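One-based numbering along the sequence shown. Bear in mind that the values here come from a model prediction, so they are computed numbers and not experimental data. Atoms within each ligand, like the ligands themselves, are counted from 1 in listed order.
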Amino acid sequence: MIIERQEDITPKVLEAFSQTPDPRVREILASLVRHLHGFIRDVRLTEKEFEQAIGYIVALGQKTNASHNEAVLMAGSLGVSALVCLLNNGNKGQTETTANLLGPFWRMNSPRTESGGSIIRSPTPGPAIFVDVQLKDTQGRPIAGAECDIWHSSTEGFYEQQDPKQADMNLRGKFFTDENGRFSFRSIRPAGYPIPIDGPVGDLVRATNRHNCRPAHLHFLFFKPGFKTLISQIYVNDDPVLDTDVQFGVTKALIGNYVKHNGKEKPPAPDVEGEWYTLDQTFVMEPGEARLPRPPIQ
Ligand SMILES: [Fe+2]
């Protein structure tokens, strides 16, 4: 078939891709072509806009380096990461889930830390937080011997690799659940932070009149063979941008009960001064494939 008019393009491309041997690749390509062509017709994309679109895609790659992944940031800013997460967790989107976005800051090989230990590895100001974690299966039974990575930002809103004042691996740790599926750790209360807006994601944020902040959160990644790897974030309940997260990450199941304690209560450690926080959080792992994601940064 020789193309005569614009309507001919879509069937022509679909036909050309129809011999793709891998059935899943064939399915994805056919749907991509139908939706992409449909989108272009829907908005009557101009040649100038097409040029700009190509520029954005090129900039996503150019802005990405060893410590920053602009493509992950863009996927989050468009709600795509949240959609993929909710479609693939909670019994394939049927039930509530504590699964959430990986985000761009997970690193492999966080330092192994004993339960009850601290993940503060260089002096980091901020109120102390004591976190108790319970891990269960879908039947409510504790999961013992699961690996859990924790990572979060400082009270200034920076992850360690963004901040020369923090030691390598500060506010990161790897724990194992005990026979009751539990572990605990000490850190400082995390803070919300702005996402970088010096690239194409910034253009999107400004064009849509949005702020570029994420509500404060702790990151969790649970891994145990026999269970679907659980990636989670637990958000601070009184954060002012809980409902307007620039990455669309907050769901009801992920709002943590961060309890504030004043200086009159006896803190869990003698060196705690002023106000401090506790968080008691339960996570549920589904049966499935234990697979570590590719780290967005080194
Ligand atoms: Fe984060």
Side-chain angles (χ1 to χ4, degrees), residues 63-82 84-86 89 97-108 110 119-121 124 126 129 131 133 148-163 165-166 168-175 185 187-199 201-202 205 210-222 229-251 253-256 258 277 279 281 283 292-298:
K63 265 282 162 198
T64 297
N65 56 46
S67 65
H68 173 77
N69 193 318
E70 187 81 2
V72 170
L73 206 61
M74 182 59 99
S77 304
L78 289 169
V80 170
S81 310
V84 172
C85 174
L86 290 174
N89 291 281
T97 175
T98 48
N100 198 218
L101 319 176
L102 177 67
F105 296 118
W106 178 63
R107 290 175 68 185
M108 289 196 94
S110 280
I119 59 171
I120 304 168
R121 304 185 193 281
T124 317
I129 185 167
V131 182
V133 174
C148 179
D149 281 6
I150 308 283
W151 68 105
H152 70 91
S153 73
S154 70
T155 26
E156 289 168 342
F158 293 116
Y159 288 81
E160 45 88 21
Q161 82 284 0
Q162 300 175 297
D163 182 3
K165 287 186 296 194
Q166 295 182 54
D168 187 42
M169 293 288 182
N170 190 39
L171 310 182
R172 294 179 187 269
K174 184 186 290 297
F175 296 84
F185 68 94
S187 190
I188 51 146
R189 185 186 191 268
Y193 53 84
I195 61 165
I197 47 170
D198 57 347
V201 169
V205 167
R210 304 198 72 211
H211 66 70
N212 62 318
C213 291
R214 299 221 63 220
H217 54 272
L218 295 170
H219 288 270
F220 298 81
L221 187 153
F222 295 93
T229 300
L230 176 64
I231 296 163
S232 188
Q233 299 184 35
I234 299 299
Y235 296 92
V236 176
N237 38 343
D238 64 354
D239 196 288
V241 301
L242 206 57
D243 193 28
T244 55
D245 177 10
V246 66
Q247 296 280 287
F248 303 100
V250 181
T251 65
L254 300 171
I255 300 172
Y258 289 73
Y277 289 80
L279 172 69
Q281 189 66 42
F283 297 89
L292 283 178
R294 183 176 162 162
I297 56 168
Q298 271 99 56

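By the 30° and 60° cut-offs, the orientation of the rings of F105 relative to Y159 is parallel. Taking the six-membered ring where the residue is Trp, W151 and H219 present parallel rings, their angle staying beneath 30° rather than reaching 60°.
The Fe ion (ligand 1) lies at 2.8 Å or more from every N, O or S atom belonging to Q233. Note on Y159: counted as a metal contact of the Fe ion (ligand 1), an N/O/S atom lying under 2.8 Å. With 2.8 Å as the limit, H152 does not count as an N, O or S neighbour of the Fe ion (ligand 1).
An angle of 90° is found at the Fe ion (ligand 1) between H217 atom NE2 and Y193 atom OH, rounded to 10°.
D238 CG: more than 12 foreign heavy atoms inside a 6.0 Å radius.
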task: Dump the intermediate steps for ring-ring contact (aromatic ring centres under 6.0 Å, His included) on H152 and F220, then the final yes or no.
output: CA-CA 9 Å; H152 70 91; F220 298 81; 9.5 Å; no
